[in-house]
Amino acid sequence: MKFTQVFIPTLKEAPKDAETVSHKLLFRAGLIRKLSSGIYSYLPLGLRSIQKISAIIRQGMSRWGAQEVLMPLVIQKELWEESGRWQAYGKELLRFQDRHEKWFTIGPTHEEVIVDIVRNEAKSYRQLPLNLYQIAPKFRDEIRPRFGLMRGREFIMKDGYSFDMDEEHANKTYGQMYDAYSWIFRQCGLNFRAVEADTGTIGGKFSHEFMVLANTGEEAIVSCDACGYAANVEKAEIGYRQSAADGGGTSKPQKVPTPGRYSVEDVSAFLHVAPKGIIKTMIVKAGNEFVAALVRGDRELNLLKLKSVLGADDIGLASDAECPGLTGAHVGSIGPVGLKLKIIADTELRYIRDAVTGANEDDFHYTGVTPGSDFVPAMFADIRNAVRGDACPRCSKPMGITRGIEVGHIFKLGTKYSVRMHAEFLAEDGKSRPFVMGCYGIGVGRTLAAAIEQNNDNDGIIFPLTISPYEVALVAINMKDSVIADAAGAIYDTMLDRGLDVIYDDRDISPGMKLKDADLIGFPIRVVIGSRFKKEDLMEIKIRKTGEVVTSTRQDLFEKLSAIRRGLLL
Ligand code: ATP
Ligand code: MG
């Protein structure tokens with residue numbers, strides 16, 4: 001395309017509400033525009049990039065056995081009632097009525113629709129496996145839409161769903177989708193990690209989030225460089241290198257006044273004890289039961305881990321008003337000694353001696369408390385968030401923490417939806433069985449934003465070759481100079497003949513503005529036809545990522561371009 005024929009409204013300044021680099025650059029480079037909160041249009045360059053990402057996704061999905069479909073956006077309430085999600089989904093589900101006052105939603109995800117299709121059509125195990133996906137807009141009324149395409153309300157998603165006859169086949173499909181996703185994000189030129197994520201009630205290692213590594217990511221990832229283990233901090237297991245010998249404490253619990261000191265920080269300063277010498281006690285309501293959860297003063301309780309340890313359906317901290325009746329004290333003075341509740345202590349507390357704890361009396365703490373002798377937990381379990389330096393659960397080497405953006409999520413659903421929605425098939429033994437399902441999502445717009453978040457500099461975007469709106473920008477430095485303009489036009493035609501993905505900047509504006517725009521939009525390869533072309537028949541090829549400049553004659557141009565292109569694909 002010629003620049004003069006494409007709608008590319010670049011801007012010097014980003015809009016005020018743009019906080020992240022990708023949000024700012026998507027606007028400034030003219031890829032998107034905002035309609036209303038969390039709702040965006042893709043302009044030609046943005047759409048081109050989205051189409052390239054989508055093409056890579058389609059290639060990956062088809063190679064690993066999935067087929068594309070397109071489902072309706074608008075879904076009737078009755079179907080969502082079958083799955084129980086009309087009530088359960090909450091305010092993210094946009095609900096509205098048609099002229100007959102029937103309720104509908106714009107799908108935030110499509111399990112219900114796909115289950116309805118498959119239960120009506122696939123009646124026998126012979127028709128399985130089925131793995132169907134679409135690439136389409138979704139609507140989720142996010143409470144805080146932000147960061148542009150990263151967390152929108154209307155956004156483009158690839159959502160896929162698989163149907164298998166049993167666990168074994170479903171696990172195999174899951175593995176195929178894992179491979180497909182790894183391939184897709186590699187093809188997109190992204191530095192990413194597949195991390196183990198929370199599986200809720202399903203259990204097992206059948207939920208992975210694909211995270212693009214970027215300092216600005218919303219998610220914290222715990223990872224081990226030694227063995228490759230990686231997990232979302234919500235889920236990361238912690239290994240233990242036993243740091244202290246088992247054995248009793250050296251002192252008896254002593255009650256000491258701690259007036260007005262309710263936080264770990266304040267108690268630590270007041271009693272001159274490091275936070276790691278304090279045991280934090282939290283009263284938690286799990287289902288209908290109250291339990292006490294203990295972690296070291298410098299650690300954070302992980303409610304998701306505790307929930308799965310207890311096998312509870314829901315979990316939350318007890319309110320401050322509930323605590324005195326259960327423990328004798330308010331939050332901030334509660335402790336495990338003499339407590340009548342079931343106690344779950346974090347594994348790390350096996351090794352703590354002579355610690356400080358609340359005394360179950362407002363404004364008092366105990367010193368000299370040792371688990372095992374001064375109180376006995378019902379169990380020790382891994383119930384805290386991992387931190388930098390914790391031992392890897394696989395190889396015991398210290399783990400690091402990095403930040404990431406979740407661009408994809410694969411999840412084994414099991415029979416949750418097929419049971420609720422009566423989606424069954426006739427198995428080989430003649431019995432009716434529910435389908436074993438999996439679901440697989442990719443945020444297409446979020447992938448574009450994440451790619452920019454990971455690849456940019458002060459001048460603008462640095463697009464990975466495969467997802468750049470155009471691979472090559474051809475810039476004629478002075479359109480008024482007919483020698484340059486004619487040569488550039490001819491080279492552009494040859495580039496098109498040879499199938500290059502090129503945009504030709506034929507605008508009659510200053511060279512500075514052209515080069516600035518090319519850097520801002522982040523085309524991976526830039527070919528400049530300027531003064532040296534007239535004198536020496538030389539053009540300059542610049543690689544956006546490295547800043548490297550190569551000169552070339554017209555004759556060598558295509559050979560050099562393909563070598564550079566190959567280099568960028570490695
Ligand atoms: P998050 O925790 O970020 O809200 P999610 O767990 O709700 O994500 P899924 O339901 O698994 O997301 O959706 C699949 C993919 O869709 C996500 O991995 C993400 O890339 C993308 N996605 C989800 N919500 C949004 C959104 N509001 N805007 C853009 N992309 C989104
Ligand atoms: Mg969400």
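In listed order, ligands and their atoms are each counted from 1.
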| message | At less than 4.0 angstrom from any non-hydrogen atom of E142, what atoms of ligand 1 do you find? | response |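 It comes down to these atoms of ligand 1: 24 (N), 26 (C), 27 (N).
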
| request: Within a distance under 4.0 Å of any heavy atom of G408, pick out the atoms of ligand 1 and give their elements. | output: 18 (O)

Compile the donor-acceptor pairs under 3.5 Å between side chains in residues 397-411 and protein atoms, sequence neighbours left out, one pair per line.
from : atom 1 : to   : atom 2 : distance (Å)
R403 : NE     : G217 : O      : 2.8
R403 : NH2    : E218 : O      : 3.2
H409 : NE2    : S207 : OG     : 3.0

| message | If only side-chain N and O atoms count, and only distance matters, is there a donor-acceptor pair under 3.5 Å linking Q187 with T466? | response |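 Judged by distance alone, the side chains do not pair up.
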
What residue and heavy atom of the protein are closest to [atom], and at what distance?
atom                    : value
atom 6 (O) of ligand 1  : E406 OE2, 3.9 Å
atom 11 (O) of ligand 1 : H409 ND1, 3.1 Å
atom 7 (O) of ligand 1  : R140 NH1, 3.0 Å
atom 1 (P) of ligand 1  : R151 NH2, 3.5 Å
atom 21 (C) of ligand 1 : G443 CA, 3.6 Å
atom 30 (N) of ligand 1 : F155 CD1, 3.4 Å
atom 16 (O) of ligand 1 : M157 CE, 3.6 Å

| field | Cationic tip of R544 above F523 ring, under 6.0 Å, 45° of axis | value | no

| query | How are the rings of F206 and Y174 set to each other: parallel, tilted or perpendicular (split at 30° and 60°)? | reply | perpendicular

| said: Between ligand 1 and G152, is the shortest N or O to N or O distance under 3.5 Å? | reply: yes

| remark: Closest heavy-atom approach to atom 20 (O) of ligand 1 among V407, V212, T109, D141 is made by V407

| More than 12 foreign heavy atoms under 6.0 Å from CD of Q97: is that the case here? |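 Counting neighbours around CD of Q97, more than 12 heavy atoms of other residues, nucleotides or ligands fall under 6.0 Å, so yes.
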
| said: Is it the case that atom CD in E300 sees more than 12 heavy atoms from other parts of the structure closer than 6.0 Å? | reply: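 No, the 6.0 Å shell around CD holds no more than 12 heavy atoms from other groups.
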
Is it the side chain (CB and beyond), the backbone, both or neither of [X] that lies under 4.0 Å from ligand 1, heavy atoms counted?
X    : value
M150 : backbone
L149 : backbone
R446 : side chain

| message | Check D159 with K138, please: is the shortest side-chain N to carboxylate O separation under 4.0 Å? | response | yes

| Summary of ring pair (Phe, Tyr, Trp, His ring centres under 6.0 Å) pairs that have at least one residue in residues 74-97, sequence neighbours excluded |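 Sorted pair list: W80-Y89.
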
| message | For R119, run the salt bridge (charged side-chain N to carboxylate O under 4.0 Å, His left out) check against E82, E111, E424 and tell me which one passes. | response | E82

